[in-house]
Amino acid sequence: MGKQFAALLPEHRRFIEKQKVFFVGSAAMSAEGHVNVSPKGYDAFRVLSDNRVAYLDLTGSGNETSAHVMENGRVTILFCAFEGPPNILRLYGAGAVALPGSSEWESLVPLFPPMPGARQIIVVDVHLVQSSCGYAVPFLSYEGERDTLQRWADQKGEEGLVEYRRTKNGKSIDGLPTPLGSQA
């Protein structure tokens with residue numbers, strides 16, 4: 001059974017800093033709604049305090065986490081050791097979306113390297129941290145970042161990204177509105 005904590009400890013922060021990938025889970029309230037799990041990479045995750053984290057969310061084919069956070073706030077972030085000692089760390093919390101132009105965006109975006117296609121920052125107020133063994137997780141070696149998303153965003157250009165987000169990121173697959181869609 002995993003261990004539970006009310007806040008991130010220094011060893012949790014050190015573990016997070018070493019990870020090259022994390023996963024974000026969210027779900028619609030409706031029983032017919034979908035559960036979403038999204039892998040995230042790049043240098044896009046920041047621990048803001050012992051109970052607050054954020055990640056820079058890049059333009060993608062969907063926008064499920066944002067819609068779910070807007071609907072009910074529930075979000076879980078999972079880190080998993082693929083190298084070194086086995087470990088799984090889950091952060092359970094209530095999320096919010098900071099959009100470009102908002103005061104929260106302006107205060108947070110300098111914490112991240114500039115990335116083409118940045119569309120929003122997901123901020124999570126963490127109410128539970130859970131660690132577990134990860135004994136069955138395989139070893140995987142990190143070879144480097146893929147540049148495909150960044151090249152795609154550069155090719156689209158800012159106007160193309162705005163149009164893409166307007167047509168593809170305004171609603172979830174369940175039809176839930178997103179903060180980006182609410183701007184349109």
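No hydrogens, no waters, no symmetry mates; every other heavy atom, side chains included, goes into these values.
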## Note on the structure
side chain to side chain contact (heavy atoms under 4.5 Å, CB included) filter on R14, not counting sequence neighbours, yields P10, E11
### Task
Could you note down all residue pairs passing ring pair (Phe, Tyr, Trp, His ring centres under 6.0 Å) where residues 144-178 supplies at least one of them, sequence neighbours left out?
W152-Y164
### Query
If you look only at pairs with a residue in residues 167-179, which of them pass as a salt bridge (Lys or Arg N to Asp or Glu O under 4.0 Å), with sequence neighbours excluded?
none
## Note on the structure
salt bridge (charged side-chain N to carboxylate O under 4.0 Å, His left out) filter on R52, not counting sequence neighbours, yields E104, D125
Could you tabulate the donor-acceptor pairs under 3.5 Å formed by side-chain atoms of residues 114-121, not counting sequence neighbours?
unit_1 : atom_1 : unit_2 : atom_2 : d
R119   : NE     : D57    : OD2    : 2.7
R119   : NE     : L58    : O      : 3.2
R119   : NH1    : G62    : O      : 3.0
R119   : NH1    : N169   : OD1    : 2.8
R119   : NH2    : D57    : OD2    : 3.0
R119   : NH2    : G62    : O      : 3.0
Q120   : OE1    : S66    : OG     : 3.4
Q120   : NE2    : D57    : OD2    : 2.8
Q120   : NE2    : N63    : OD1    : 2.8

### Query
Among pairs that include at least one residue of residues 104-133, which meet ring pair (Phe, Tyr, Trp, His ring centres under 6.0 Å), considering only residues two or more places apart or in two chains?
none
### Query
Which residues pass the side chain to side chain contact (heavy atoms under 4.5 Å, CB included) test with T148, sequence neighbours left out?
R146, R151
### Summary
Sequence neighbours excluded, the answer for salt bridge (charged side-chain N to carboxylate O under 4.0 Å, His left out) partners of R46 is D43
#### Entry: Partners meeting side-chain hydrogen bond (donor to acceptor under 3.5 Å, both in side chains) with S172 (sequence neighbours left out)
none
Output a table of donor-acceptor pairs, distance under 3.5 Å, between side-chain atoms of residues 75-101 and any protein atom two or more places apart or on a different chain; print 'none' if there are none.
unit_1 : atom_1 : unit_2 : atom_2 : d
E83    : OE2    : Y142   : N      : 3.4
R90    : NH1    : S132   : OG     : 3.4
Y92    : OH     : Q130   : OE1    : 3.1

### Task
Taking side-chain hydrogen bond (donor to acceptor under 3.5 Å, both in side chains) as the test, write out the residues that go with T59, two or more places apart.
R165
### Query
With sequence neighbours left out, what residues match E32 under salt bridge (charged side-chain N to carboxylate O under 4.0 Å, His left out)?
none
